[in-house]
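Small disclaimer: the values here were computed from a predicted structure and weren't measured.
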Protein chains: 2
Amino acid sequence: MVAPKSSPPRHALETREILLEAAGRIFARKGFRAATVRRITREAGVNLAAVNYHFHDKRELYTSALKHAHQAAARTAAADVAGTPEKRLLLFIQGFLGYLLDPHRPAWQGRLIAREIAEPTRALDRLVEESVLPVKKRIAGIVRDLLESRASEARVRMACCSIMGQCLFYVHCREMISRLFPEHRHKPEDIDVLAGHIFSFSQAGLAAMRRQSVAGQKKSASVRRRNTKTKKPHE
Amino acid sequence: MVAPKSSPPRHALETREILLEAAGRIFARKGFRAATVRRITREAGVNLAAVNYHFHDKRELYTSALKHAHQAAARTAAADVAGTPEKRLLLFIQGFLGYLLDPHRPAWQGRLIAREIAEPTRALDRLVEESVLPVKKRIAGIVRDLLESRASEARVRMACCSIMGQCLFYVHCREMISRLFPEHRHKPEDIDVLAGHIFSFSQAGLAAMRRQSVAGQKKSASVRRRNTKTKKPHE
DNA sequence: TATGTTTTCAAACGTTTGTTTGAAACAGGC
DNA sequence: GCCTGTTTCAAACAAACGTTTGAAAACATA
C-alpha cells in the first residue's frame with residue numbers, strides 16, 4: 001500500500017521496468033480490458049501483487065505503459081525543421097511510419113499508441129496533448145509551407161488527415177491488410193518503399209490543392225464572397 | 001437450450017431484432033470485451049437470458065450483430081460500374097465515406113465494422129470475405145483503370161491503401177481528431193466536402209504514379225530487368 | 001377448454017476478474 | 001548479532017462476468 005519513497009534499490013527498478021515492458025506488449029496485443037494482470041505478471045515473471053505495489057492498480061499500469069511507450073518513441077523521432085518543405089515532408093513520413101511500424105524497435109509501442117487512438121480510454125487526453133499535438137503542429141507547418149499559405153485552415157486540416165491517414169492505415173488495418181493482400185509484408189525495406197509512395201502520392205495531392213486554391217481565388221475574387229469565410233485564421 | 005425451430009411468433013422476432021440493435025450499438029461503443037450482456041439486455045429492455053435463448057452465447061450475438069450491420073450497410077452501397085474511371089472513383093469515395101460516417105444511418109454500423117477491422121476477433125475472416133473483399137476489388141479495378149494498367153500489383157495495392165486509409169482515418173481516429181481539430185464536425189454536408197477533397201487529392205496522387213510509371217518504364221527498358229518481375233499478373 | 005410448443009423470467013451457478021492482506025525475504029546502517 | 005524500511009510472495013477476497021436452470025407465462029392449434 002505504501003508507495004516507494006526514496007531512491008529504491010536496483011531490484012525494485014528492474015521489476016518495475018520489466019512489468020512496464022510486459023504490460024505494454026500485452027496491452028498492445030489485447031487491449032486494456034482483455035489484457036489481464038495475471039497474464040501480464042506471469043509473462044513478466046513477477047508476482048501478481050507487484051502490479052498493486054509498484055502501480056496502484058491496472059489503470060495506472062496502463063497509463064504508465066502508454067506514457068513509457070510514447071516517451072520512448074518520441075525520443076527516436078527527431079524533428080528536422082531545416083531543409084525544403086518537400087524534404088521535410090519526406091522525413092516526416094519516413095519517421096512517422098518507422099515509428100509506427102519499424103520492427104527493429106519493440107513493435108508494441110506504436111501499436112499501443114495506435115490502439116489508444118482508435119479505442120480511447122481516459123488516458124487519451126494526456127497522450128494527445130503531450131505526444132500527438134507536437135506531431136500535428138509539425139505536419140501542419142509542413143503542409144502550410146507546401147500550400148504556400150494560400151489555403152484555409154480547413155484545407156490544411158484535410159491535407160494533414162490525408163497524410164496521417166495513409167500512414168496509420170497500415171497500423172489500424174494491419175490484420176485486414178494481411179487478409180486482403182497476403183503478399184504484403186512489413187519488412188524494414190518495405191517501409192522505405194511505403195514511405196516513398198506516400199510521399200510522392202501526398203506531394204502530388206498537395207500540389208493539386210495548391211492549384212485549386214489559386215484557381216478558386218481567381219474565381220472567387222469577382223464572383224463569390226464565401227471564400228472570405230474559408231480564410232478565417234482559426235476556423 | 002432448444003433453438004427456435006419453425007416460424008417463430010411476432011414477439012420472438014421483435015426481441016431478437018431489438019437485441020441485435022442494442023448489441024450493435026454497445027459493441028460499437030465499447031468493444032467486444034468491455035460490452036457486457038447485462039448492459040446490452042438492460043438497454044434492450046429484455047431479460048438477461050434472452051441472449052442465450054436467441055443466440056447461443058455472447059460471441060454469436062456479436063457475430064450476428066456484425067453481420068446484421070454490414071448487410072444493412074452493403075444494401076445502401078450501390079456499385080456503379082459505368083462511367084469514366086474518375087467518375088467511378090468519386091462515387092466510390094462518396095459511397096465509402098457516407099457508409100462509414102453518414103449520421104442519417106445508425107452511426108454504430110460503420111463504427112462496429114471499423115472496430116472489428118482495427119481490433120479483430122474470430123469474425124474478421126467472414127467479414128473480409130463477404131464484405132471487404134468486394135469493396136477492395138471495386139477500388140482496385142478503378143485504380144487499375146486510372147493507372148492505365150502500367151503499374152505493378154504492388155503499386156495498385158499501395159494506391160488502394162492510400163485511398164482507403166484516408167477514408168478510414170475519420171472513423172478510427174475520430175476521438176483524436178475531435179481533440180486535435182475542435183472545429184471539425186461530421187455534418188452530412190461536410191462529408192461531401194471531405195469526399196471531394198479525398199477525391200482530388202487521390203486523383204492527383206494517382207496521376208503522379210502514372211507519370212512515375214511511365215518514367216520508370218523508359219528508364220528500366222534499357223537498364224533494369226527487374227520490372228518484368230513487377231508485371232506478374234498475381235504477384 | 002385442453003394440449004403442446006415457444007418465449008420470458010428471476011435466481012443461481014461456476015469462473016474469472018482486479019484488488020487486498022499479512023507474513024516472509026531481503027537490504028543496509030548500527 | 002539486531003533493527004528498520006523495502007520488496008516479494010502465496011493465499012484469499014469481493015465483485016462482475018457469461019452462462020445455465022427450471023418454472024411460469026404467452027401463444028398456437030386443436
Worksheet item: Is there a side-chain polar atom (N or O) of A:H56 under 4.0 Å from OP1 or OP2 of C:dT19?
Response: no

Worksheet entry | Basic-acidic side-chain contact under 4.0 Å: B:R25, B:E43 | yes

Fill in: Between P of C:dC13 and CG of B:D57, the distance in whole Å
22 Å

Fill in: A:S162 vs B:F169 side-chain heavy atoms within contact, under 4.5 Å
no

Worksheet item: Does B:T15 make a side-chain N or O approach to OP1 or OP2 of C:dT8 shorter than 4.0 Å?
Response: yes

Worksheet item: Can you tell me how far P of C:dA10 sits from CZ of B:R38, to the nearest Å?
Response: 13 Å

Worksheet item: What integer distance in Å separates B:Y53:OH from D:dA24:P?
Response: 18 Å

Worksheet item: Roughly how many Å is it from CZ in B:R33 to P in C:dT16, rounded to a whole number?
Response: 11 Å

Worksheet entry | A:R179 and B:E129 ion-paired at < 4.0 Å | no

Worksheet, complete the sentence: Walking DNA chain C from its 5' end, the first of A:A49 and A:V37 to be reached, judged by nearest nucleotide, is A:V37

Discussion item. Rounded to whole Å, please give me the gap between CZ in A:R39 and P in C:dG18.
Written reply: 13 Å

Worksheet item: Within this structure, what is the CG-to-C1' distance between A:L48 and C:dT16, rounded to whole angstrom?
Response: 12 Å

Response to the item:
A:N52 CG to D:dA10 P, in whole Å, measures 16 Å

Item to complete: Mind calculating the distance between CG (A:N47) and C1' (C:dT19) to the nearest angstrom?
Response: 13 Å

Worksheet item: Any Lys/Arg nitrogen of A:E153 or A:R144 sitting under 4.0 Å from an Asp/Glu carboxylate oxygen of the other?
Response: yes

Worksheet item: Are any of the side-chain heavy atoms of B:L89 and B:I163 separated by less than 4.5 Å?
Response: yes

Worksheet item: Quick one: on DNA chain D, does A:V46 or B:A35 contact a more 5' nucleotide (nearest heavy atom)?
Response: A:V46

Practice prompt. Determine the contact category for B:A34: base if any of its heavy atoms lies under 4.0 Å from a base atom, sugar-phosphate if only primed atoms, P, OP1 or OP2 are that close, otherwise nothing.
Written response: nothing

Response to the item:
Out of C:dT21, D:dT21, D:dG18, minimum distance to the side chain of B:K58 belongs to D:dG18

